[in-house]
Trainee: 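One structure follows; several queries about it will come next.
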Amino acid sequence: MYPLIELYEITDNLLKKFKYKHNLGEILSEITDTLEKIEKELTSKGYGKVWKELKENYDRISELKRKFNEVFSELSNYTSSEDVLSSIYPEIYAVLSREITDPDFAEETIREYMKRYENGDEEIGKVFREVSSMTLEGFKETLGKLGIWFDSFDWESSRKIRSLARKVIEEVEKLPYARREEGALLLDLDKAAMEHKFISELFGKDKPGKFIVQRSDGTSLYTTRDVAYSVYKFREYGAKRVYNVIAVEQTREQKQVKATLYLIGYKDEAEKLIHFVYEMVNLKGMRMSSRRGQYYSLDELIEDYKKVMVRTYVENQKRKYKSIESPEKLDIEKLNETFNKLAVASSRALLLSIDPSKVLTFDPRRLEEYGLGSWIIYTFVRIQGILRKAFNYEPLDNLEKINSDALKLYEKITNQLKDLDPVERELIETIQEYPSTLLEVYEYLKPNKLLEYANNLCIVLNKLYETLPVLGEKDPIRRNTRIILVLLSFIILKDLLEIMGFPLIKKI
RNA sequence: GGGCCCGUAGCCUAGCCAGGACCAAGGCGCCGGCCUUCGGAGCCGGAGAUCCCGGGUUCAAAUCCCGGCGGGCCCGCCA
């Protein structure tokens with residue numbers, strides 16, 4: 001980054017000095033345009049040969065123009081992210097701009113720290129852990145809002161993983177496909193693919209490439225430690241299968257990790273290492289980039305959703321009662337909790353609404369249009385209302401009782417089933433699809449199918465109690481049939497909401 | 001330059017792997033109804049699609065094959 005700025009400043013100063021009105025990009029554009037005209041003229045007049053000679057220079061200028069554009073856009077991104085940083089975190093910005101005066105020196109220092117860290121320098125290790133703990137706390141806080149927690153964390157710097165990483169390097173070095181280039185240890189996977197079907201099939205038409213395992217200064221790379229960590233997960237934890245939930249950008253890297261594992265003797269493990277690929281989340285008309293300070297955080301998403309929930313609630317109350325209940329009658333505490341839960345459900349639904357292999361694009365200014373989560377929760381609340389009246393107790397607090405009561409009901413109506421209404425039949429068909437849906441989700445790693453199924457179930461449910469009376473049905477057999485259908489849907493929906501991590505709500 | 005993924009109404013998606021009841025389904029938005037006692041964050045109806053383009057295979061293609069175009073990602077000492 002630093003040389004780019006320097007280059008820009010130099011050219012900019014030069015242009016100013018010579019009082020050029022145009023910037024470098026415009027000048028380059030002009031040159032290439034002129035050259036294009038010249039090409040046409042020359043070839044039309046039969047001077048193709050002359051053009052060929054000129055062409056070489058022309059290409060060089062085009063290349064220069066391309067580079068300039070790259071530099072310029074990078075620079076403007078950089079300055080804008082600097083602005084963002086200085087406005088959001090002025091303290092951090094002040095410290096950084098005071099402390100980092102020479103970027104090269106800063107980078108060198110980082111490298112030095114890395115080396116000491118790698119060699120087990122306890123003092124520097126402590127600093128590293130302190131910093132990562134702080135970020136980790138942030139992660140825990142944000143994800144905690146969504147009900148996500150972690151059983152445990154592994155430190156890459158742990159003695160165990162460090163020694164495994166050293167072992168990986170040793171093992172790789174023994175391989176016939178390994179060699180040193182300028183001090184760095186490199187594993188030639190292209191060569192290995194020619195002799196191992198596993199690797200050639202893993203990469204398909206793609207070139208496996210060369211995999212750097214150790215830097216020339218002797219330190220390991222993230223990827224090396226990833227191999228070591230995989231060994232750790234299988235051997236230390238005794239994992240039967242390992243799912244790495246990692247973004248699509250690292251598809252190739254994950255394959256290289258697999259191939260390396262395979263080559264150093266962990267064949268079985270390599271096959272059981274599964275990369276769960278997911279795509280990025282984009283905002284409508286804006287590319288997210290934390291490096292450039294352009295982002296929309298999960299915390300913001302939850303907060304914004306909460307506002308949408310409050311707005312919807314107020315509107316519904318107004319329509320229902322023509323006015324909002326007086327403040328003293330409202331249990332603000334409880335309402336707030338409900339809005340939080342709805343916001344969590346909505347946020348999770350948004351993230352689950354698309355196949356993980358596709359890019360999710362949404363417009364944060366129109367969150368109310370992505371209300372799938374709250375609509376499912378609402379349906380769940382509604383069918384609980386029906387069951388509560390049917391059985392006279394709280395369904396979610398008496399799951400076993402409701403199951404046995406359902407069986408009793410079923411015994412009463414068995415062999416007496418009457419013709420079913422189309423909507424009832426539709427609901428039964430949907431319920432039947434549940435097991436195969438779960439299997440599909442698991443087999444193809446498509447959690448979005450869970451949400452899709454839940455949505456379908458809710459659509460049919462809404463249709464059912466909108467078109468047919470459940471508790472109001474006079475015929476006892478039909479009535480019981482419908483109660484059982486609602487009950488089954490309730491059990492499935494509860495199951496689904498738990499799998500998807502939606503909070504369970506009894507009443508709104 | 002090479003590889004992988006994606007391209008379906010104004011918008012977001014399902015269907016594609018295992019071709020057939022798809023003259024393509026759902027949601028958002030739009031238009032018109034229903035303030036029907038189990039909760040109206042609902043229900044019913046309507047308008048809106050060259051399934052990116054062009055070939056091929058087949059009795060049959062959104063789906064399979066080939067070639068384009070457009071977008072994203074990745075291609076050796078970052079994580």
Side-chain angles (χ1 to χ4, degrees), chain A residues 107 110-111 114 156 180-190 203-226 246-256 277 279-280 282 284 287 291 308-309 311-313 315-317 319-320 322 342 346 349-350 353-363 366-379 381-390 423 443-444 446 448-449 451-453 455-456 458-459 461-473 479 482-483 486 507-508:
Chain A
E107 253 179 57
I110 291 168
R111 225 167 285 143
M114 288 290 283
E156 249 181 41
R180 292 261 171 202
E181 255 180 41
E182 290 165 31
L185 180 61
L186 161 163
L187 179 59
D188 191 340
L189 292 175
D190 291 326
F203 286 89
K205 288 180 191 168
D206 196 11
K207 275 214 168 76
K210 275 102 182 162
F211 189 51
I212 303 276
V213 180
Q214 189 183 35
R215 290 195 190 91
S216 44
D217 66 0
T219 56
S220 66
L221 287 91
Y222 155 72
T223 43
T224 320
R225 298 190 292 271
D226 205 10
I246 300 176
V248 65
E249 291 94 300
Q250 297 201 43
T251 305
R252 188 189 174 80
E253 182 269 343
Q254 283 294 305
K255 284 183 184 171
Q256 292 178 329
V277 188
E279 255 291 356
M280 297 280 94
N282 277 351
K284 194 119 193 156
R287 173 122 192 86
R291 194 164 51 96
V308 172
M309 296 307 141
R311 218 179 301 138
T312 318
Y313 178 80
E315 273 166 26
N316 287 331
Q317 293 295 311
R319 198 190 48 231
K320 221 167 163 180
K322 304 282 185 235
L342 283 170
S346 302
L350 177 67
S353 67
I354 182 173
D355 188 307
S357 70
K358 293 190 186 180
V359 181
L360 169 66
T361 310
F362 73 98
D363 189 344
R366 306 207 303 185
L367 273 189
E368 64 278 2
E369 287 180 17
Y370 308 88
L372 202 50
S374 55
W375 131 262
I376 289 172
I377 293 287
Y378 193 83
T379 309
V381 167
R382 234 181 136 178
I383 59 175
Q384 284 181 81
I386 295 176
L387 294 173
R388 194 177 297 125
K389 278 203 172 168
V423 186
E443 213 171 313
Y444 295 102
K446 305 251 183 235
N448 57 308
K449 299 262 176 209
L451 183 73
E452 202 191 313
Y453 177 82
N455 182 35
N456 287 337
C458 289
I459 288 174
L461 272 170
N462 271 299
K463 236 192 259 180
L464 179 86
Y465 54 63
E466 224 28 76
T467 50
L468 302 169
V470 178
L471 300 178
E473 173 62 45
R479 184 176 186 267
R482 282 174 205 158
I483 291 176
V486 172
K507 290 177 186 176
I508 294 177

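Proteins get letters first, then strands, A, B, ... in listed order; numbering begins at 1 in each. As the structure is a computational prediction, the values presented were derived from the model and not from experiment.
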Trainee: Let me know the distance between CD1 of A/I376 and C1' of B/rG42, rounded to the nearest Å.
Mentor: 15 Å
Trainee: Looking at residues at least two apart in the chain, or sitting in another chain, which of them share a side chain to side chain contact (heavy atoms under 4.5 Å, CB included) with A/E156?
Mentor: A/Y222, A/R225
Trainee: Classify A/K207 by what it touches in the nucleic acid, base, sugar-phosphate, or nothing, heavy-atom distance under 4.0 Å.
Mentor: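 No contact.
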Trainee: Is B/rG1 paired to anything, Watson-Crick or G-U wobble with both distances less than 3.5 Å, and if yes, which nucleotide?
Mentor: B/rC75
Trainee: So which one's nearest nucleotide on RNA chain B is more toward 5', A/D217 or A/N462?
Mentor: A/N462
Trainee: Are A/E107 and A/R111 within salt-bridge range, i.e. N to O under 4.0 Å?
Mentor: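 A salt bridge links A/E107 with A/R111.
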Trainee: Base, sugar-phosphate, or nothing for A/V277, non-hydrogen atoms under 4.0 angstrom?
Mentor: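 Nothing: the residue A/V277, judged by heavy atoms under 4.0 Å, touches no strand.
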Trainee: Given the C1' atoms of B/rC64 and B/rC28, what is the spacing between them in whole Å?
Mentor: 33 Å
Trainee: Answer with base, sugar-phosphate or nothing: what part of the nucleic acid does A/Y444 contact at a heavy-atom distance below 4.0 Å?
Mentor: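 Touches a base.
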Trainee: Does A/K389 or A/W375 map to a spot on RNA chain B nearer the 5' end, using the closest nucleotide for each?
Mentor: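 Of the two residues, A/K389 wins.
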Trainee: Quick one: label A/E368 by what it contacts on the DNA or RNA (base, sugar-phosphate, nothing), any heavy atom closer than 4.0 Å.
Mentor: nothing
Trainee: In whole angstrom, give the distance that lies between atom CG of A/D190 and atom P of B/rG3.
Mentor: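 Going from A/D190 (CG) to B/rG3 (P), I get 14 Å.
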Trainee: Figure out the CZ/P separation between A/F203 and B/rC74, and round it to whole Å.
Mentor: 16 Å
Trainee: For the P atoms, the ones on B/rC23 and on B/rC51, what distance do you get once it is rounded to whole angstrom?
Mentor: 12 Å
Trainee: Over how many whole Å does the gap from A/R252 atom CZ to B/rG3 atom P extend?
Mentor: 12 Å
Trainee: Could you let me know what B/rC22 is paired to, Watson-Crick or G-U wobble, both distances under 3.5 Å, or none if it's on its own?
Mentor: none
Trainee: Taking any heavy-atom pair under 4.0 Å as a contact, classify A/L342: base, sugar-phosphate, or nothing.
Mentor: base
Trainee: Between B/rG27 and B/rG15, how many Å separate the two C1' atoms, rounded to a whole number?
Mentor: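 So the two C1' atoms sit 15 Å from each other.
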Trainee: Considering all heavy atoms of both residues, which atom of A/I483 and which atom of A/V470 are nearest to each other, and what is their separation?
Mentor: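 Distance-wise, the nearest heavy atoms are CG1-CG1, 4.0 Å.
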Trainee: If you measure from the C1' atom in B/rG48 to the same atom in B/rG56, how many Å do you get, rounded?
Mentor: 33 Å
Trainee: Given the P atoms of B/rG67 and B/rG2, what is the spacing between them in whole Å?
Mentor: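 Pairwise P distance, B/rG67 against B/rG2, rounds to 11 Å.
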Trainee: Measure the distance from CD on A/E466 to C1' on B/rG33 and round it to the nearest whole Å.
Mentor: 14 Å
Trainee: For nucleotides 6-13 of chain B, read 5' to 3', which letter fits each nucleotide if B means a protein heavy atom sits under 4.0 Å from the base, S means only the sugar-phosphate is that close, and - means neither?
Mentor: SS---SSS
Trainee: Output yes when at least one side-chain N/O atom of A/R215 is less than 4.0 Å from OP1 or OP2 of B/rC78, else no.
Mentor: yes
Trainee: Between B/rG46 and B/rG3, how far apart are the two C1' atoms, rounded to whole Å?
Mentor: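 One C1' to the other, the span is 47 Å.
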Trainee: Can you check the A/I459 CD1 to B/rG27 C1' distance for me, whole Å?
Mentor: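 Going from A/I459 (CD1) to B/rG27 (C1'), I get 7 Å.
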Trainee: Nearest whole angstrom, please: distance from the P of B/rG3 to the CD of A/Q254.
Mentor: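 After rounding, the reported distance stands at 23 Å.
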Trainee: Taking the same atom, P, in B/rA18 and in B/rU63, what whole-Å distance lies between them?
Mentor: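 The same atom, P, in both gives a distance of 14 Å.
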Trainee: Going by purine N1 to pyrimidine N3 plus the second Watson-Crick contact, or the G-U wobble pair, all under 3.5 Å, which nucleotide sits opposite B/rC35?
Mentor: none
Trainee: Using a 4.0 Å heavy-atom cut-off, does A/E315 contact any base of the nucleic acid, only the sugar-phosphate backbone, or nothing at all?
Mentor: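 Nothing, no heavy atom under 4.0 Å.
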Trainee: How far does the P atom of B/rC4 sit from the matching atom of B/rC11, given to the nearest Å?
Mentor: 29 Å
Trainee: Does a salt bridge link A/D206 with A/R252, judged by any charged N lying under 4.0 Å from a carboxylate O?
Mentor: yes
Trainee: OP1, OP2 of B/rA79 versus side-chain N and O of A/Y222: anything below 4.0 Å?
Mentor: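 False: A/Y222 side-chain N/O out of range (4.0 Å or more) of B/rA79 OP1/OP2.
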Trainee: So does A/L451 get a backbone contact from the side chain of A/N455, meaning a donor-acceptor N/O pair under 3.5 Å?
Mentor: no
Trainee: Using a heavy-atom cut-off of 4.0 Å across all strands, would you classify A/I508 as base, sugar-phosphate, or nothing?
Mentor: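 Since a base atom lies under 4.0 Å of A/I508, the category is base.
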Trainee: Can you check the A/E473 CD to B/rU37 C1' distance for me, whole Å?
Mentor: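 One finds 15 Å between C1' of B/rU37 and CD of A/E473, rounded.
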